[in-house]
Number of protein chains: 2
Amino acid sequence: MQPTLNDVAREAGVSSITVSRYFNSPDSVREATRLKVEAAIEKVGYVRNLIAGSLASATSRVIPVIVPSLSNVVFIDVIKGLQDEFEAHGYQMLLGKTDYDLARETQLIRTFLGWSAAGLVVTGLRHDAATRQILEHWNQPIVEIMELGEGLDLNVGMDHVAAGRTMTEHLLARGYRDIHFAGAELDRDYRAAMRYTGHREALAAAGIEEAPLLDLPVRQQMTSGAQALERIRDQHLECDAIHFANDDMACGAILAASRLGIRIPDDIAIAGFNGLPIGEHVTPQLTTIISPREQIGRVAARKLLARIQGEPVGELSHDLGFTLRVGGST
Amino acid sequence: MQPTLNDVAREAGVSSITVSRYFNSPDSVREATRLKVEAAIEKVGYVRNLIAGSLASATSRVIPVIVPSLSNVVFIDVIKGLQDEFEAHGYQMLLGKTDYDLARETQLIRTFLGWSAAGLVVTGLRHDAATRQILEHWNQPIVEIMELGEGLDLNVGMDHVAAGRTMTEHLLARGYRDIHFAGAELDRDYRAAMRYTGHREALAAAGIEEAPLLDLPVRQQMTSGAQALERIRDQHLECDAIHFANDDMACGAILAASRLGIRIPDDIAIAGFNGLPIGEHVTPQLTTIISPREQIGRVAARKLLARIQGEPVGELSHDLGFTLRVGGST
DNA sequence: TCCACGAATGTTAGCGCTATCATGTTAGCG
DNA sequence: CGCTAACATGATAGCGCTAACATTCGTGGA
């Protein structure tokens, strides 16, 4: 079958452990030996058996990443950031998706830990009891990403309540008073619900007690943004601004507005969240909050790798902040 | 440390191989034994060590997926399709990214095969000699995705030359005669270059020998679409249609047109490729070719799993076709 | 020249599981 | 009631590698 370390060792006239050292601590083999080993590897066409190595050393260079969905750009960007860093450091990413199901998350984690993973990246701070129990007994580094708070180990993200608050404060400062919040499936997307909480806080601070909410049960985001705009225009003539849970919906609304002859921001102002490229290309440009998606991935990966390599990681919880980008839509 | 099969076996009063059988061929253990084993697993908090199992059996339920980029929605959709199918069948996806570098591809494949992977998904039919050599000697199933042709093993995709031809035939049928093709980084994105080939073929068939090409070196796709539109309008007043390499660029152009007061399709027609949701939300709606991205992932996964499980896979090469969607932009 | 010491290499055992073959156990039949 | 076949379980060895310790080698100073 496949050649093994022993085949290489025989070919090179050394012992198998020397070949192993060639791979794992190259500095500890002499130049002359290194060359013999390299020639032997080339000759027999050796490919390392990472499985055997991982079993013997009880560690692997695999890092599972668990996200709720792959349909949401947000997670894609985070994955990109993670992937870049992991790949650059010779770690491999094992990708799992929960579909927002905490039981599925437990199951995935259980399977992944069976790979003697070097660490774990998991989305969010909310887990069920079983997950929590497994992870508390697991003594490898863990990063929980996206939001901030008391976590299992490391934590990298941003403050969604503050983001919602910031946007609504901006809308209030612009003079809008009857502001609706529109999202889709907020029960699943609880980080969007956190932004709604911030939205409510800002309104309350301005003496406005009502915080009308439209929560659509639709997946396709741009379409649901268009729907939300129409719905609110029909049923709430007094509404002067819509604070959308994300840019997809907000851009869907802006594009629908131009079809429907609704003037933005004169008839109604539109705000989003995420800072996707499309927001800069619609007319008027979308006012949004730029979330540090890819950076969350990068920083999470770096902190995890630092922890794995026994280096200092700094603060356990890392707030990457956000930026308000004001466009013509508000 | 972690409890092992032996710990479970001792607790259940059976031998370790019986516990192994409980996991790997549950039908071969008696009901009463099964219950004892389940109780023991629960009691000691056993988590399977997949690494040890894979070493002993020389197979693993890991499937590496190699794509050139994670910045392109196309690959994200394909990954989604793959992930869904793999996860549903208990296989785990190991994600690698080449950045369009064939040498990097070789390196990734070498590493991944070290995981005793059950199969492999790789993007495209173009590989360097080293990759080809490794894969030809590897006797596990492989699927090459996205385009069609003579492959290493299985192959799932669509005909990009035909797609380019189809779109240009449509444009010609609509009466456009001075059609420019605009893409970005076509040297890397050689599938887009294949569509340009189809475009040229269609023009030639209509007796048009010139096929003006604008190949921008820009990454951000919507922006480069806007740039391309401006560039072509300024330098080629006679141009009456732009065939874009993808929907991002095409939509960037449509959105820019509305800012610049360019009427579409009266001043210039715009066509795209991919069938992204945004194309249906811009005004006018984008004429595009819907590529079966997620389906490529699904079918590729199913064929690979069938092959792994020794079931018939049908045709080695599977053409998933494409659909022309005519919008108001042409 | 010899010794001492650090660097380089080797020997041994075992990581936790499954393949293989061997053994025990049950049910069915004459 | 004994025999057999089918089923269920067990004993053993080994997957390919690395950790831990043991040994050898090379070099510089007395």
Side-chain angles (χ1 to χ4, degrees), chain A residues 1-38 40-41 44-62 90 110-118 138 140, chain B residues 1-38 40-41 44-62 110-118 140:
Chain A
M1 292 279 290
Q2 283 282 9
T4 72
L5 264 197
N6 269 311
D7 298 323
V8 177
R10 195 175 321 112
E11 183 67 34
V14 297
S15 76
S16 62
I17 190 73
T18 300
V19 184
S20 170
R21 285 196 186 102
Y22 165 80
F23 285 112
N24 296 305
S25 50
D27 294 342
S28 70
V29 306
R30 210 197 298 153
E31 173 82 11
T33 313
R34 219 196 66 218
L35 294 173
K36 280 191 294 183
V37 171
E38 272 167 2
I41 288 168
V44 303
Y46 176 67
V47 176
R48 287 179 82 175
N49 184 326
L50 269 10
I51 295 201
S54 300
L55 178 60
S57 66
T59 53
S60 78
R61 288 173 89 83
V62 164
R110 208 186 283 275
T111 307
F112 286 155
L113 298 199
W115 283 104
S116 301
W138 192 57
Q140 297 293 96
Chain B
M1 291 279 290
Q2 283 283 9
T4 72
L5 264 196
N6 269 309
D7 298 323
V8 176
R10 195 175 322 112
E11 183 66 35
V14 297
S15 77
S16 62
I17 189 71
T18 300
V19 183
S20 171
R21 285 196 186 103
Y22 165 80
F23 286 113
N24 295 306
S25 48
D27 294 343
S28 70
V29 305
R30 211 196 297 153
E31 172 82 9
T33 314
R34 219 196 66 218
L35 294 173
K36 280 191 294 181
V37 170
E38 271 167 3
I41 287 168
V44 303
Y46 175 68
V47 176
R48 286 179 83 175
N49 185 327
L50 269 11
I51 295 202
S54 300
L55 178 59
S57 65
T59 53
S60 77
R61 289 172 88 83
V62 164
R110 209 187 283 275
T111 306
F112 286 155
L113 299 198
W115 283 105
S116 302
Q140 298 291 96

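Since this is a predicted model, take the numbers as computed values, not measurements. Convention: sequence-line order gives letters A, B, ...; per-chain numbering from 1.
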If you compare every side-chain N and O of B:Ser15 against the phosphate oxygens of D:dG10 (OP1, OP2), does one of them come in below 4.0 Å?
yes
So that I can compare with my own list, what are the stems of DNA chain C, taken as at least three consecutive Watson-Crick or G-U pairs with distances under 3.5 Å?
C:1-30 with D:1-30
Under 30°, 30 to 60°, or over 60°: which ring-plane class applies to B:Trp115 and A:Trp115, parallel, tilted or perpendicular?
perpendicular
Stretch residues 44-54 of chain B: residues that reach within less than 4.0 Å of DNA chain D through a heavy atom
none
Whole-Å gap separating P (D:dC7) and CZ (B:Arg34):
18 Å
Hey, where on DNA chain C does chain B first and last touch, going 5' to 3'? Cut-off is any atom under 4.0 Å from a heavy atom.
C:dG16 to C:dT20
For B:Ala40, enumerate each residue passing the side chain to side chain contact (heavy atoms under 4.5 Å, CB included) test, keeping only those at least two apart in sequence or located in another chain.
B:Val8, B:Glu11, B:Ala12
Tell me the interatomic distance from B:Glu31, atom CD, to D:dT9, atom P, rounded to whole angstroms.
11 Å
Mind calculating the distance between NZ (B:Lys36) and P (D:dA8) to the nearest angstrom?
14 Å
Check each residue of residues 20-28 of chain B for a non-hydrogen atom within less than 4.0 Å of any atom in DNA chain D, then write out the ones that pass by number, or none.
B:Arg21, B:Ser28
Can you tell me which residue pairs pass the salt bridge (charged side-chain N to carboxylate O under 4.0 Å, His left out) test with a partner in residues 12-32 of chain B, sequence neighbours excluded?
B:Glu31-B:Arg34
B:Ile17 atom CD1 is separated from D:dT9 atom P, nearest whole Å, by 12 Å
Side-chain contact check for B:Thr18: nearest option of D:dG10, D:dG26, D:dC17 is D:dG10
